[in-house]
Amino acid sequence: MLDLVESKLSQHEAFRADVLAGLSQRQKTLPSRWLYDQRGSELFEEITRLDEYYLTRTETAILRRHAEEMGALCGERVVLLEYGAGAAIKSEILLDALRAPRMYAPIDIAADFLSQTVERFRDRFPDLPTRPIIADFTADFDIPADVPARPRAAFFPGSTLGNLLPLDACALLRRMREHVGSSGKAIIGVDLRKDIETLIAAYDDKQGVTAEFNLNLLVRINRELDGDFALDAFAHEARWNERESAIEMHIVSLKPQAVSVTGRSFAFAEGETIHTETCRKFDVAGFAHSAQRSGWRVDKLWSDPAGLFAVFGLSAET
Ligand code: AVI
C-alpha cells in the first residue's frame, strides 16, 4: 500500500517536471505516456474499436490466422514476457496457441493496471502461473530470478514500438534480446507505411474520439497541476511527418494566449502547437534492419492481405 502511495507521488512529481520542461521548449512537447490516465486509457480503448483505426482489428486477425505458427516458433514450455500489461484479446490468442506455456509474465509500470491483468489471466488460464513484473520497460530492468531463464519469448503487440524514438526502440529490442537469452524468441507487431489519407483518418476520426483523447491531456494538467487551459481555445491535429515516417499528434492553440500551470505562465502564439505523440510507421526492410542491429534474426513475417500491418517472428542471433 505504501509502495502504491509512493509510486503515485513520484508519478505526480514526474508529470509535473515533464509538463514544466515540455512547455518551456521551443517546440512545446509532452511525453505521450501522460495521455494514459484513467480517462485516456478508456478513450484509447474506444479508439481501438473505431472504423478508421484499422490497427487493432488487423493485428488481431493476423494473430488469429497465424497463431499456430507463432506457437511453433516459440516452442514448448515457453515463458511469455509481455511488454506492457496485456491487451487481453491479443495475449489470449497467443497463449491459447502456445504449446504448454510455462509462465505468463506481464511487465508494466502501472501497478494497479497490472494487478487487474493478473486477476483476469488467473481466471482465464487457471493452470498457468502468472507472474507480474512492475517495471518501466523503456528503461533497463532485470527479470526477477524466480522467472525460469529459458525458454523465453517476448511479446510486444500494438505497434507501441512506433511510439518510441528510433534509438529507444532499438534499445528496447536489445533489452528484450537480453531478457530472453540466446535461445529466445520475440513476436512484435508494427504498423506499416501506407497512403497518408488512411493514416490521417486513423488518428483524426470523424467521431472525434482521438481529438478527445489528445485534449484530455489538457484536462489532466488542469486537474493535477492546477492548470487553466481553456479547452475551447485548443484543437487536435494529426499530421504526417515524411522525414520521420510518422503520424504526429499535436494540440494547436487557436489564438494568442497565456496559460498558467502550477503558478507558472506559458505563452502560446496562434497556431503554435504542443507535440503530444509520435506514431512511427515502418517498412519491412527498415524494421528488419533495426531488429538485426539489436541482436535478432527475422524468421517470420505475418501480414494481412492488404499489407496494412506486420507481425514479426524473431529469433535471438547468437
Ligand atoms: C498505443 N499506440 C500504439 C497508439 C498508436 O497508434 O500509435 C496510440 C494512439 N494514439 C492515437 N491513436 C492511437
Side-chain angles (χ1 to χ4, degrees), residues 29-60 62-63 82-91 106-110 113 117 136-138 155-166 168-169 172-173 187-220 234-241 244-252 273-283 286-287 304 308-312:
T29 305
L30 296 174
S32 60
R33 68 186 177 112
W34 300 117
L35 291 164
Y36 300 88
D37 62 354
Q38 179 67 32
R39 181 69 188 136
S41 302
E42 286 165 12
L43 286 164
F44 178 63
E45 279 304 310
E46 242 183 87
I47 288 173
T48 64
R49 293 191 291 271
L50 291 169
D51 281 351
E52 294 98 325
Y53 196 76
Y54 58 86
L55 287 81
T56 310
R57 66 170 175 277
T58 308
E59 185 182 37
T60 304
I62 297 171
L63 292 172
E82 179 166 10
Y83 293 74
I89 294 185
K90 295 178 198 170
S91 332
I107 304 162
D108 206 285
I109 196 172
F113 189 55
T117 303
D136 172 5
F137 63 71
T138 63
F155 183 43
F156 195 41
S159 203
T160 306
L161 198 72
N163 298 132
L164 304 179
L165 292 170
D168 293 337
L172 176 56
L173 288 170
I187 306 281
I188 315 256
V190 294
D191 195 20
L192 297 175
R193 276 181 71 110
K194 57 189 57 68
D195 66 282
I196 296 169
E197 295 86 90
T198 303
L199 287 169
I200 296 280
Y203 291 87
D204 194 5
D205 61 280
K206 283 211 186 76
Q207 286 180 56
V209 181
T210 311
E212 192 182 342
F213 170 68
N214 197 12
L215 293 166
N216 178 58
L217 190 50
L218 304 186
V219 177
R220 182 175 188 181
F234 290 88
H236 164 70
E237 187 184 318
R239 18 172 123 140
W240 174 247
N241 182 330
E244 298 294 330
S245 186
I247 287 284
E248 291 178 356
M249 292 212 311
H250 289 256
I251 294 174
V252 191
T273 71
I274 311 173
H275 179 184
T276 51
E277 192 174 46
T278 297
C279 311
R280 213 165 299 284
K281 306 301 164 188
F282 296 82
D283 59 45
F287 177 85
D304 53 292
L308 297 174
F309 199 94
V311 178
F312 287 87

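For ligands, and for the atoms within them, numbers begin at 1 and follow the listed sequence.
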> Below 3.5 angstrom, do we get any N/O pair linking E277 and ligand 1?
Replying inline: yes

> Counting only heavy atoms, which portion of N214 has something under 4.0 Å from ligand 1: side chain, backbone, both, or neither?
Replying inline: neither

>> Please determine whether any non-hydrogen atom of S159 lies less than 4.0 Å from an atom of ligand 1.
In response: yes

>> Would Y53 count as being in polar contact with ligand 1, using the rule that some N or O on each side must be under 3.5 angstrom apart?
In response: yes

> Is there a donor-acceptor pair closer than 3.5 Å between any side-chain N or O of E52 and the backbone N or O of K206?
Replying inline: yes

>> Under 4.0 Å from a heavy atom of F213: which atoms of ligand 1 are those, numbered in the order shown and with their elements?
In response: 10 (N), 11 (C)

> Which of the atoms of ligand 1 are close to M249, meaning less than 4.0 Å from one of its heavy atoms?
Replying inline: 11 (C)

>> Keeping N163 on the side-chain end and T278 on the backbone end, is there a donor-acceptor pair under 3.5 Å?
In response: yes

> Which residue and non-hydrogen atom of the protein lie closest to atom 7 (O) of ligand 1, and at what distance in Å?
Replying inline: N163 ND2, 2.9 Å

>> I need the atoms of ligand 1 closer than 4.0 Å to a non-hydrogen atom of G158, numbered in the order shown.
In response: 3 (C)

> Do any N or O atoms from the side chain of N214 and from the backbone of H250 form a donor-acceptor pair under 3.5 angstrom?
Replying inline: yes

>> Checking the N or O distance criterion of under 3.5 Å, is ligand 1 in contact with Y36?
In response: no

> Within the side chain of D304, is there an N or O that forms a donor-acceptor pair under 3.5 Å with the backbone of F309?
Replying inline: yes

> Are any side-chain N or O atoms of T276 and backbone N or O atoms of M249, one a donor and one an acceptor, separated by less than 3.5 Å?
Replying inline: yes

> Would you find a donor on one side and an acceptor on the other, under 3.5 Å apart, between the side chain of T117 and the backbone of F113?
Replying inline: yes

>> Tell me the closest heavy-atom pair linking S159 and L55, and the distance in Å.
In response: CB-CD2, 4.3 Å

